[in-house]
Amino acid sequence: MSHHPSQSRPYLSIIIPAYNDADALEGFLPEVFAFTQTLRAPVTDSSSTQQNSETTIATCEIIIVDDGSRDHSVDVVTDLMTTRPSNTELEIIRLSRNFGKEPALSAGLAAARGDMVAMIDADGQHPLPILAQMLAMIEQSDIDMVAGIQANRPHESRLAKTLKSSFYHFIQDSQRYEIRPNAGDFRVMNRKVLNALRSLPERQRFMKGLYAWVGFNTVYLPFTAANRDTGESKFNYGSLFELALVGITSFSQRPLRLISRMGFVVSALA
Ligand code: UDP
Ligand code: MG
């Protein structure tokens, strides 16, 4: 039995959110092409004994979500369009303004058609060999999602580390699911997780919480982030604080409980 890559549904969708990262994309996208070129469809089962060593090239779609960039990101992607490998489609979704990484990822998830869906940053900080490892882990077991967990963060200040770890401590509020510290958006999921994430109606989306909230069998793979290829991080203390507020208000009951307790105290005093 031969495994023809499905015409309609690619094996893998790779979502890359990008905001003013033209220079990074110019270097990184060819690396992604080199990666997708090596993709092989998984050997499905024992029914193909005659040609078990032969695996077919798997199809892939790369979805660049341009999050309202004001640089030449779109031109860079358009120029690279013709250099993509034959098994790889390249699509660009242009958001009308800068919405932020979470909405950009959501737009990518809404468009993804693959059996597997990967998310990776545009700046080369997420190593492609780790992505390959994540895919292999999902293929070889009943794991639904593999999430990268940033093992050490050499580029981050002490203050940033402290603030982030207290944030994760604060939102750990539920016995039912765990928002794992330092597990970010670098991950691979199967369609079960994709469909669950797509079905969520929230507009203010704290993705790191939603991944955990939908459940499923998730494993964590430690990795060390590479240096940013070029440009600089789009997240400053201000935007991280805003994101943290979305996380806290959507995933923690603590502020509400605190306020009602204060209410009781005030009325008792009165
Ligand atoms: N990004 C985005 N919209 C934004 C900010 C960032 O799509 O408003 C993208 C950015 O282009 C990159 C990824 O999100 O691909 C991570 O951003 P960045 O490298 O600035 O964050 P850090 O690595 O410092 O967390
Ligand atoms: Mg980065």
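In this chain, residues are counted from 1 in sequence order. Both counts, for ligands and for their atoms, begin at 1 and track the order of listing. Only a predicted model underlies this, so the values are computations on that prediction, with no experimental measurement involved.
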List below, pair by pair, the N or O atoms of ligand 1 and of the protein that are less than 3.5 Å apart, including the distance to 0.1 Å; reply 'none' if no pair qualifies.
unit_1, atom_1, unit_2, atom_2, d
ligand 1, 3 (N), Asp67, OD2, 2.6
ligand 1, 8 (O), Asp67, OD2, 3.3
ligand 1, 8 (O), Asn98, ND2, 3.1
ligand 1, 11 (O), Tyr19, N, 2.9
ligand 1, 11 (O), Asp21, OD2, 2.7
ligand 1, 15 (O), Pro17, O, 2.7
ligand 1, 15 (O), Ala122, N, 2.9
ligand 1, 19 (O), Asp123, OD2, 2.7
ligand 1, 19 (O), Arg228, NE, 3.4
ligand 1, 19 (O), Arg228, NH2, 2.9
ligand 1, 20 (O), Arg228, NH2, 3.4
ligand 1, 20 (O), Lys234, N, 2.5
ligand 1, 23 (O), Gln125, OE1, 2.8
ligand 1, 24 (O), Ser233, OG, 2.5

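Considering only residues two or more places apart in sequence or on other chains, Lys101 meets the side chain to side chain donor-acceptor pair (under 3.5 Å) condition with Asp121, Asp185. For Gln37, the side chain to side chain contact (heavy atoms under 4.5 Å, CB included) criterion is met by Pro85, not counting sequence neighbours.
No side-chain heavy atom of Tyr211 sits less than 4.5 Å from a side-chain heavy atom of Thr218.
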Test log, rule ring-ring contact (aromatic ring centres under 6.0 Å, His included), inputs Phe167 and Phe206: CA-CA 13 Å; Phe167 165 71; Phe206 178 64; 5.8 Å; yes
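For the pairing with His126, the ring pair (Phe, Tyr, Trp, His ring centres under 6.0 Å) check across Phe186, Phe28, Phe35 returns one residue only, Phe186.
Closest approach between the Mg ion (ligand 2) and any N/O/S atom of Asp123 involves OD2.
In this structure, a donor-acceptor pair under 3.5 Å is absent between the side chains of Arg40 and Tyr11.
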Listing, residues 91-98 side-chain donor-acceptor contacts under 3.5 Å, not counting sequence neighbours, or none:
unit_1, atom_1, unit_2, atom_2, d
Asn98, ND2, Asp67, O, 3.1
Asn98, ND2, Asp67, OD2, 2.9

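Coordination check, Ser233 versus the Mg ion (ligand 2): failed, since every N/O/S atom of the residue sits at 2.8 Å or beyond.
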